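Input: a single structure, listed below in structure tokens.
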Amino acid sequence: MSSATASVETSPRQDADASILKRLSLGIAGRLVIIVPYLWLLFFFLIPFVIVFKISLSQTAIAIPPYTPVMDFSDGISGFLAPFKELSFDSYIWLTQDALYFNAYVSSLVIAAISTVLALLVGYPIAYGMARAPASIRPTLLMLVILPFWTSFLIRVYAWIGILKPEGLLNQFLLSIGVIDDPLIIINTYKAIFIGIVYSYLPFMVLPLYSTLEKMDDSLIEAAKDLGCTPIGAFWKITFPLSLPGVIAGCLLVFIPAVGEFVIPDLLGGSRTLMIGKTLWKEFFSNRDWPVSSAVAVVLLMILILPIVYFQHVQARTQERGR
Amino acid sequence: MNSTWSRFNIVSVVLGLSFLYLPIVILVIFSFNASKLVTVWGGFSVKWYGSLFHNQGLIDAAWVTIRVGLISASVATVLGTLGALALTRYTRFRGRMLFSGMIFAPLVMPDVITGLSLLLLFVAVNLDRGFVTVTLAHVTFTMCFVAVVVQSRLVSFDRSLEEAAMDLGAPPVKTFFQVTLPVILPAVISGWMLAFTLSLDDLVIASFTSGPGATTLPMKIYSQVRLGVTPEINAACTLLIGLVTLGVIAASVVNKRREVQRRRDEQAAQRA
């Protein structure tokens with residue numbers, strides 16, 4: 001820690017003092033760097049989940065607005081513990097009794113899975129084409145893929161309403177070129193939800209795929225071809241397996257948020273499609289049933305916890321590799 | 001990858017980009033439609049933009065959104081940068097697993113869960129829903145995006161620069177502001193922009209955490225979209241798209257210029 005100039009001008013004793021002082025200030029600054037964001041996330045991210053969990057276990061009558069304090073901190077720890085004596089599993093029992101919730105969870109998972117596969121099928125050729133593009137135009141292509149992501153999610157979903165409506169532009173176009181005789185019914189069906197999810201989440205799929213494909217060593221494929229492998233064989237034996245980290249990251253980035261998606265099923269799916277994000281929203285805003293909507297959220301989180309933990313694991317690993 | 005750009009590759013990139021842009025282009029075109037019907041072209045007109053400026057509700061909502069965005073993005077950038085520093089510089093401290101979990105999980109957490117849990121927190125601590133609660137909520141979910149962006153820059157940062165500064169007697173805080181921050185500044189700026197646009201876009205979390213008098217633009221647009229597609233909303237959307245596009249292009253030009261400048265400086269240093 002001691003600098004050359006300092007040791008010339010000051011006595012060794014003073015130098016040691018300065019060194020301790022510096023280490024101390026480094027310690028304080030270092031601690032603040034960790035503590036400030038840590039406390040923020042604890043208070044605004046972790047504790048809210050505890051509260052959701054708590055409310056999901058309370059009686060409907062207690063937690064319904066007007067807002068009764070959920071935890072009374074004024075009485076200290078006893079006030080904090082008192083509500084735990086009145087735990088109730090009513091909301092969870094309610095979830096199992098009405099088939100609506102079970103069906104909503106299942107259909108959300110199925111819709112998210114199908115959309116993820118579709119996004120992979122659409123996104124892979126785009127990412128592959130971008131990675132093969134001349135290096136000079138790659139940054140421009142990358143920016144073109146990112147740019148729609150910066151424009152509002154709501155606006156991009158809204159744009160599809162005018163296209164997919166029975167009298168919308170897609171049907172006008174297909175009717176005019178004579179491909180179909182009757183307008184296709186797409187809006188307010190699951191098809192519209194697939195289109196909406198694939199469209200909105202496509203950049204999340206393309207970006208991780210592109211970053212793995214771009215780094216790939218071309219000589220491997222050349223070697224495979226020299227050894228008699230067909231281009232398609234080389235793709236499946238070399239390119240695809242090597243791009244798996246990107247495939248996994250892209251699929252997780254699409255799948256996890258898509259399960260809980262609200263805007264897309266609400267605007268494009270109409271009232272007859274079922275997704276859990278929409279159910280939760282309705283439970284909260286229309287029925288104003290806080291315990292049940294909390295229970296819906298807790299179960300959704302339980303379902304997603306495995307993919308989320310896996311996602312973190314993947315993120316942490318790429319970070320380690322980057323170092 | 002450096003081999004040939006085959007016709008298949010070109011076609012897939014072109015098709016992919018048109019898929020991404022066509023809906024947006026159509027939306028922009030129909031904002032200039034004279035007809036009230038959004039799917040039938042009735043001639044060119046800018047009247048919907050005119051009526052937009054008489055829609056006081058929309059203007060108020062836009063103002064709320066911009067204020068929430070500016071404040072939350074700035075706070076989120078500070079917190080996110082600190083978080084990124086903590087993750088890259090301190091490889092072992094108590095609760096690091098939990099910390100990195102709390103940084104990465106919000107990236108994929110469904111909005112309905114984040115929104116509901118934050119609302120219940122605000123109710124639990126008796127905080128009236130409104131401008132403050134939306135801002136706090138936006139800080140929380142955008143700071144994680146900032147942290148990830150800044151962290152990816154910090155990982156490739158040459159730490160010998162910092163060590164050199166400290167060896168020459170600079171205290172850690174000064175070292176950060178004079179050495180580290182200038183180097184990671186582009187990432188910090190793009191983190192801020194990302195946080196700002198995420199806040200500008202958010203409908204679900206804002207709907208949960210907002211109260212009377214703090215209706216944001218997405219909430220306003222959403223309530224009108226539910227009543228049907230109108231050219232006026234197309235006009236509002238077009239203005240938003242234009243604003244964001246200008247911002248992104250400006251940022252990339254600035255970044256490119258800095259890059260060129262940096263390269264020139266390096267060359268000059270080598271020559272000297």
Side-chain angles (χ1 to χ4, degrees), chain A residues 3 25-26 29 33-34 36-38 40-41 44-45 47-49 51-52 55 67 70-71 125-126 129-134 143-144 147-148 150-155 158-163 167-169 214 216 218 256-257 260 262-263 277 280-281 293 297 301 308 311-312 315-316 322-323, chain B residues 1-3 5 9-10 12-13 16-17 20 23-24 26-27 30 38-39 79 82-83 85-86 90 93 99-102 104-106 108 110-113 116-118 120-121 123-124 126 136 140 155 167-169 171-173 197 201 203-204 218 221-222 225 229 237 240-241 244-245 248 252:
Chain A
S3 62
S25 73
L26 180 72
V33 163
I34 300 172
V36 175
Y38 207 120
W40 184 285
L41 286 172
F44 287 107
F45 188 70
I47 291 181
F49 284 129
I51 298 177
V52 171
I55 291 195
Y67 321 127
V70 178
M71 285 179 191
I126 300 175
M130 283 167 63
R132 296 242 147 187
M143 174 143 149
L144 282 173
L147 197 59
W150 291 84
T151 55
S152 168
F153 192 78
L154 181 64
I155 293 176
Y158 163 77
W160 278 96
I161 300 177
I163 298 172
E167 70 279 12
L169 294 166
E214 203 231 342
M216 203 170 283
D218 243 7
I256 302 171
F262 165 74
V263 177
L280 194 157
W281 179 282
S293 41
L301 198 61
I308 288 176
F311 171 74
Q312 268 163 237
Q315 283 285 320
R323 186 177 296 154
Chain B
M1 274 199 185
N2 256 323
S3 67
W5 208 25
N9 293 331
I10 296 173
S12 48
V13 169
L17 289 178
L20 281 177
I24 299 175
I26 290 172
L27 180 118
F30 275 90
V38 268
T39 49
L79 288 172
L82 288 179
L85 278 170
Y90 301 92
F93 56 86
F99 187 60
S100 79
M102 289 193 299
F104 290 126
V108 287
D111 288 348
V112 281
I113 298 184
L116 177 69
S117 62
L118 278 166
L120 295 179
L121 171 82
V123 173
N126 266 328
L136 287 172
T140 307
V155 164
D167 283 348
L168 292 170
V173 176
T197 44
D201 276 1
L203 165 72
V204 175
I221 291 177
Y222 173 73
V225 166
V229 181
C237 295
L240 266 180
I241 293 170
V244 170
T245 313
V248 173
S252 78

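Bear in mind that the values here come from a model prediction, so they are computed numbers and not experimental data. Numbered from 1 within each chain, the chains take letters A, B, ... in sequence-line order.
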Chain A interface, residue from B:T140, B:L203, B:T197 that has the most non-hydrogen pairs under 4.5 Å: B:T140
Region of B:L20 in contact with chain A, defined by heavy-atom distances below 4.5 Å: both
Closest non-hydrogen atom pair between A:I163 and B:I26, with its separation: CD1-CD1, 4.1 Å
Gap between atom CG of A:L169 and atom CH2 of A:W160 - 0.5 Å precision: 10.5 Å
Side chain to side chain, A:F153 and B:P218, heavy atoms closer than 4.5 Å: no
Structural part of B:L136 lying under 4.5 Å from a heavy atom of chain A: both
Pairing residues for B:Y222 by the ring pair (Phe, Tyr, Trp, His ring centres under 6.0 Å) criterion, not counting sequence neighbours: none
Interchain contact, A:Y38 with chain B, by part (heavy-atom threshold 4.5 Å): both
Side-chain heavy-atom pair B:I113, A:F49 within 4.5 angstrom cut-off: yes
Pair B:L116-B:L120, side chain to side chain contact (heavy atoms under 4.5 Å, CB included): steps then yes or no: CA-CA 6 Å; B:L116 177 69; B:L120 295 179; 4.2 Å; yes
Non-hydrogen side-chain atoms of A:V263 and B:D111 separated by less than 4.5 Å: no
When B:I221, B:I241, B:L240, B:I10 are compared by non-hydrogen pairs under 4.5 Å with chain A, the top option: B:I241
Per-residue contact mode, A:L301 against chain B (heavy atom under 4.5 angstrom): both
Portion of B:L85 that has a non-hydrogen atom of chain A nearer than 4.5 angstrom: both
Best-contacting candidate, B:V108, B:L17, B:V13, against chain A by heavy atom pairs under 4.5 angstrom: B:V108
Max heavy-atom pair count under 4.5 Å with chain B, selected residue of A:L144, A:I126, A:V36, A:I161: A:L144
Portion of B:L27 that has a non-hydrogen atom of chain A nearer than 4.5 angstrom: side chain
